[in-house]
Amino acid sequence: TVLPPSELVLEPGCHFVFGGDVVDKGPGDIRLCRQLVALKRRHPDRVFLLVGNRDLNKVRYTAELGEDDMARPIDAIPQAHWDPKATTLREHLSAVTGGGDEAALRAANTREERLRYMHQHTLGCPDTFEFRRQELALLEGREPSSVTDAQVVENFVADIASEDGALRQFLAHADVAVVLGNTLFVHGAVDAQTMAFVPSHTRFELPQVRQPPAAAA
């Protein structure tokens with residue numbers, strides 16, 4: 001059950017920490033973001049929202065679905081760099097077109113298909129596109145089949161680009177880490193290998209040899 005923001009309350013003396021990854025879990029991303037932000041606004045000193053990788057990686061939409069990136073050659077769009085066997089955009093479009101020729105691949109390389117490629121092969125959320133179609137239909141009181149692919153894409157971009165976007169608002173009210181008393185809350189983890197260690201570059205694996213912290217900018 002989704003409560004109106006006006007009915008969201010927090011018991012006196014209690015704190016609430018949301019652990020991040022607010023999106024991609026089902027057809028309720030917009031509503032959940034709005035509810036959490038409403039609760040944060042109602043109790044700014046007792047409600048804390050943590051950002052997760054699933055939330056932050058959506059910032060990619062505005063760049064990778066923008067005119068400049070859409071104008072790049074198909075083979076210039078990099079695959080997931082952490083997986084050497086990851087599907088390339090060319091391979092994705094070839095599957096979509098049934099092995100079509102170069103002209104067919106270029107025709108299929110739309111913003112809608114590019115977003116599906118991102119969801120399926122670089123963001124790890126293959127169901128998110130259809131989840132958003134379902135939620136838009138519910139919010140607008142119409143059938144999912146009447147929500148076009150283009151409308152889904154525009155909503156995803158606006159969710160980040162617009163100051164009123166549900167996810168944009170969540171990110172604006174969220175923190176990377178929160179300390180309450182003697183407890184540190186983060187989305188991921190802090191262990192003996194990562195304590196006091198800030199990598200100079202992003203890797204999707206733990207280093208075999210402990211490296212020194214990156215120099216301050």
Chemist: Does Gly124 offer a backbone N or O that forms a donor-acceptor pair with the side chain of Arg54 under 3.5 Å?
Modeler: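 Side chain of Arg54 to backbone of Gly124, a donor-acceptor pair under 3.5 Å: yes, one is there.
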
Chemist: Against Lys58, only a single residue in Asp24, Asp159, Asp21 fulfils salt bridge (charged side-chain N to carboxylate O under 4.0 Å, His left out); can you say which?
Modeler: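 Output: one option passes, namely Asp24.
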
Chemist: Report, as yes or no, whether the 6.0 Å neighbourhood of atom CD on Glu102 holds more than 12 heavy atoms from other residues, nucleotides or ligands.
Modeler: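 Counting neighbours around CD of Glu102, more than 12 heavy atoms of other residues, nucleotides or ligands fall under 6.0 Å, so yes.
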
Chemist: Any donor and acceptor pair, going by atom type alone, linking the side chain of His43 with main-chain N or O of Leu10 inside 3.5 Å?
Modeler: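 Judged by distance alone, yes, a pair lies under 3.5 Å.
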
Chemist: For the residue pair Glu113 / His92, report whether a side-chain donor-acceptor contact shorter than 3.5 Å exists.
Modeler: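 Yes, a side-chain donor-acceptor pair sits under 3.5 Å.
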
Chemist: Is there a salt bridge (charged side-chain N to carboxylate O under 4.0 Å, His left out) between Glu135 and Arg31 once you walk through the steps?
Modeler: CA-CA 9 Å; Glu135 186 169 22; Arg31 289 167 292 164; 2.9 Å; yes

Chemist: So, Asp55 side chain and Gly52 main chain: donor-acceptor pair closer than 3.5 Å or not?
Modeler: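 Yes, the answer is positive, given that a donor and an acceptor are paired below the 3.5 Å cut-off.
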
Chemist: Under the side chain to side chain contact (heavy atoms under 4.5 Å, CB included) rule, what do Phe16 and Arg46 come out as? Steps first, then yes or no, please.
Modeler: CA-CA 6 Å; Phe16 174 74; Arg46 295 193 291 127; over 6 Å; no

Chemist: Counting only N and O atoms by type, is there a donor-acceptor contact under 3.5 Å from the side chain of Ser146 to the main-chain atoms of Arg142?
Modeler: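 No; zero donor-acceptor contacts below 3.5 Å.
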
Chemist: Going by atom types only, do Thr148 and Arg133 share a side-chain donor-acceptor pair under 3.5 Å?
Modeler: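 There is no such pair between these side chains.
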
Chemist: With a 6.0 Å cut-off on ring centres, are His119 and Phe131 close enough?
Modeler: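 Here the rings of Phe131 and His119 have centres that are no less than 6.0 Å from each other.
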
Chemist: Judged by modelled atom types alone, do Arg41 and Gln169 share a side-chain donor-acceptor pair under 3.5 Å?
Modeler: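 Result is yes, a qualifying pair exists.
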
